[in-house]
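A short worksheet on the structure shown next.
In what follows, chains are A, B, ... by sequence order, proteins preceding strands, each numbered from 1. Every value quoted in this text rests on a predicted model; they were computed, and no experiment measured them.
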Amino acid sequence: MHDIRTFRDHPDAIRRALARRGEDVDVVDEIRTLDEERRAILTELEALKATRNTESKRIGAMRDAAERNAAIAAMREVNLRIDALDARVAEVDGTLHAKMNGVPNSPLDSVPDGASAAENVVLREVGQRRDPADDVQPHWDIGPALGLIDFERGVRMSGSRFYVLRGAGARLQRALVQWMLDFHADRGYVEIAPPYIVREACMWHAGQLPKFRDNLYHDAEEDFWLVPTAEVPLTNMHVDEILPAESLPIHYVAYTPCFRREKMSAGSDVRGIKRGHQFDKVEMFKFTTPEDSADALAAMLADGEAVLAALGLPYRVLQLCAGDLGFGSTVTYDLEVWAPGCGEWLEVSSISDFGSFQARRANIRYRPEPGAAAVPIHTLNGSGLGVPRVMIAILEHYQQPDGTIRVPDVLRDRVGADVIGG
RNA sequence: GGAGGGGUCGCAUAGUUGGUCUAGUGCGCGCGUCUCGAAAACGCGUACGGGUGUGAGCUCGUCGUGGGUUCGAAUCCCACCCCCUCCGCCA
């Protein structure tokens with residue numbers, strides 16, 4: 001959520017940001033009008049309440065019954081007006097907040113223009129992709145063939161977009177999760193094991209609601225929502241807190257399964273394990289001062305790349321254009337790994353600086369100096385990495401002519417083998 | 001799931017027959033006096049958000065959350081959340 005003062009003082013900046021994202025700019029004027037209306041009502045309303053407060057005190061001290069009754073009657077009249085204005089301001093407030101909740105974050109000036117993913121910019125490609133002439137089986141063939149992935153039984157249990165990992169397949173996933181957690185812990189992130197189910201309010205704080213309601217699973221009877229990413233519980237770690245300046249930056253890393261309904265991706269990526277309703281992910285997260293967030297983002301990008309480099313997988317770095325930026329992001333880099341069997345780049349990480357957007361929703365602030373006013377902090381998040389797509393890359397990139405899979409060096413101890421399927 | 005107790009301004013507490021509570025006190029913290037310096041003592045100050053004003057300031061809201069009763073609610077009523085104790089069940 002933006003600061004309302006930005007709409008008051010710099011409406012053109014928001015209009016320009018919305019235009020760069022390809023969104024309707026009329027909402028800016030709607031919000032400004034609502035804001036002015038709200039303040040106008042408040043001025044009258046609060047004057048009436050001030051009167052009521054002082055009069056009520058006076059009434060309490062009155063001894064003369066007639067005088068007292070007259071004053072009470074007068075206050076009843078005032079209260080009618082107060083009730084009407086209260087209702088009005090609540091209505092305006094509600095509309096105002098709903099509109100503001102729908103306004104995405106503003107791209108940084110450094111973010112390239114562009115309307116869609118087609119205009120994202122490839123910053124660099126790292127590592128050697130396999131020779132296209134190699135006869136690499138896609139993971140949806142080699143996985144079942146080696147007894148690593150069981151699609152049929154997954155679907156029988158839970159429907160489409162579910163699968164069972166088996167034997168070395170299950171172990172590879174567990175190895176990746178544990179190795180990634182340790183990898184980031186060694187680079188200064190504090191490991192967190194959060195709840196996988198959170199309250200609805202957490203979804204609002206993290207910016208999942210209201211926009212992505214259709215993508216979230218939740219309990220029909222109780223206030224339980226399944227996390228679509230560890231970003232949600234991590235964002236909520238410090239809700240309603242004022243952090244001392246010396247506690248920043250805070251770096252967290254967490255593993256969670258991620259639950260997504262994928263209503264918006266119906267029909268796409270249905271083959272294999274590219275896009276399940278449940279998948280494992282290790283997430284990096286940072287709370288920083290506004291001054292530090294740019295450097296923190298660069299460092300987080302380096303951390304994400306380091307995972308792929310350590311695994312020896314060829315990847316590329318994309319900078320998202322303004323039109324493809326996520327709802328809460330000011331700047332985003334995607335990491336894509338090359339899957340030679342699928343024959344495509346797979347997104348395994350999206351690394352973003354959310355600025356103060358989430359912090360304002362979640363009321364997370366810090367005090368620059370003792371005694372100074374508390375200001376919103378910055379939040380950054382990035383996958384480190386999404387596990388199934390990394391597994392796809394391993395099964396395909398490290399596939400050998402005899403159909404076995406070479407295990408990346410860094411995973412051999414945890415997998416307990418140098419080769420899978422041998 | 002059942003029974004009972006409880007959530008107050010960083011921490012600890014007072015306040016629950018509705019009205020000087022504009023929430024008291026202690027601790028902690030900050031500033032000051034004193035001192036060569038410090039401790040102690042003493043004095044002053046110490047929540048967050050909103051509206052308004054150039055400004056000092058004025059003002060509204062917040063005593064777990066949301067409603068309600070009332071001229072007036074920390075205090076009464078309802079719902080919900082959370083914590084503690086005991087019982088039951090259970091990985």
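Across the C1' atoms, B/rC71 and B/rG64 are found 28 Å apart, a figure rounded to whole Å. Remark: the separation of the P atoms in B/rC63 and B/rU75 is 8 Å, to the nearest Å. B/rU65 and B/rG7: their C1' atoms are spaced 11 Å apart (whole Å). Distance noted for atom P between B/rG43 and B/rU25: 12 Å (whole Å). Here the separation of B/rU33 from B/rA40, taken at their C1' atoms, is 13 Å to the nearest Å. For the P atoms, the distance from B/rC31 to B/rA47 is 16 Å, rounded to whole Å. Atom name P, nucleotides B/rG26 and B/rG45: the rounded distance is 13 Å, in whole Å. B/rU85 and B/rU16: their P atoms are spaced 27 Å apart (whole Å).
A sub-4.0 Å separation between OP1 or OP2 of B/rC71 and a side-chain N or O of A/R52 is absent. Neither OP1 nor OP2 of B/rG61 sits under 4.0 Å from any side-chain N or O of A/K49. Distances shown here put a side-chain N or O of A/R367 below 4.0 Å from the OP1 or OP2 atom of B/rC48. When the side-chain nitrogen and oxygen atoms of A/R39 are compared with OP1 and OP2 of B/rG50, none of them lie within a distance under 4.0 Å. At B/rC81, none of the side-chain N or O atoms of A/R199 fall inside 4.0 Å of OP1 or OP2 (strictly under the cut-off). Here A/R58 does not reach the OP1 or OP2 of B/rG72: none of its side-chain N or O atoms lies under 4.0 Å away.
Applying the Watson-Crick and G-U wobble criteria (two distances, each under 3.5 Å), B/rG10 pairs with B/rC27. Remark: B/rU33 base-pairs with B/rA41. Criterion, Watson-Crick or G-U wobble with two distances under 3.5 Å. Base pairing of B/rG61 is made with B/rC48, judged by Watson-Crick or G-U wobble geometry with both donor-acceptor distances under 3.5 Å. Across all strands shown, B/rU85 pairs with B/rA3; the Watson-Crick or G-U wobble distances both stay below 3.5 Å. Nucleotide B/rC21 is matched to nothing when pairs are restricted to Watson-Crick or G-U wobble geometry with both distances under 3.5 angstrom.
The CD1-P distance, from A/I72 to B/rG19, rounds to 15 Å in whole Å. A/L48 has its CG atom 13 Å from the P atom of B/rG72, to the nearest Å. In this structure, CZ of A/R63 is placed 13 Å from P of B/rG19, rounded to the nearest angstrom. With rounding to whole Å, A/E44 atom CD is found 17 Å from B/rG51 atom P. For A/I242 and B/rG49, the CD1 to C1' distance is 10 Å, given to the nearest whole Å. Residue A/D240 contributes atom CG, which lies 19 Å from atom P of B/rC81 at whole-angstrom precision. Between the CE atom of A/M62 and the C1' atom of B/rU20 there is a distance of 15 Å, rounded to whole Å. Between the CG atom of A/D86 and the P atom of B/rG66 there is a distance of 14 Å, rounded to whole Å.
The side-chain contact (heavy atoms from CB on, under 4.5 Å) with A/V28 is formed by just one residue from the set A/V103, A/T33, A/I14; it is A/I14.
Applying the ring-ring contact (aromatic ring centres under 6.0 Å, His included) criterion to A/W140, with sequence neighbours excluded, gives no partner residue. Considering only residues two or more places apart in sequence or on other chains, A/F224 meets the side chain to side chain contact (heavy atoms under 4.5 Å, CB included) condition with A/I197, A/D219, A/E222.
In the set B/rG51, B/rU22, B/rC71, B/rU22 carries the atom at the smallest distance from any side-chain atom of A/K57. Nearest to the side-chain atoms of A/R365 among the listed nucleotides B/rG51, B/rG72, B/rG49 stands B/rG49.
Separation of the A/F285 and A/H251 ring centroids does not fall under the 6.0 Å cut-off. Checked against the 6.0 Å centroid criterion, the rings of A/F259 and A/H277 do not qualify as a close aromatic pair.
For the pair A/N53 and A/I4, nearest-nucleotide mapping onto RNA chain B gives the more 5' position to A/I4. When each of A/N363 and A/R8 is assigned the nucleotide of RNA chain B bearing its nearest heavy atom, the one mapping closer to the 5' terminus is A/N363.
Among the atoms of the strands shown, base atoms are found under 4.0 Å from some heavy atom of A/I59. Backbone-only contact: A/A50 has heavy atoms under 4.0 Å from sugar-phosphate atoms and none from a base.
Electrostatic pairing of A/R21 and A/E23 does not count as a salt bridge here, judged by no charged N lying under 4.0 Å from a carboxylate O. Comment: A/R414 engages A/D182 in a salt bridge, judged by a side-chain N to carboxylate O separation of less than 4.0 angstrom.
Counting distance only, with no hydrogens placed and no angle test, the side-chain atoms of A/E46 and the base atoms of B/rG50 include a donor-acceptor pair under 3.5 Å.
Between A/H238 and A/Y252, the ring planes lie parallel to each other; the angle is under 30°, not in the 30° to 60° tilted range.
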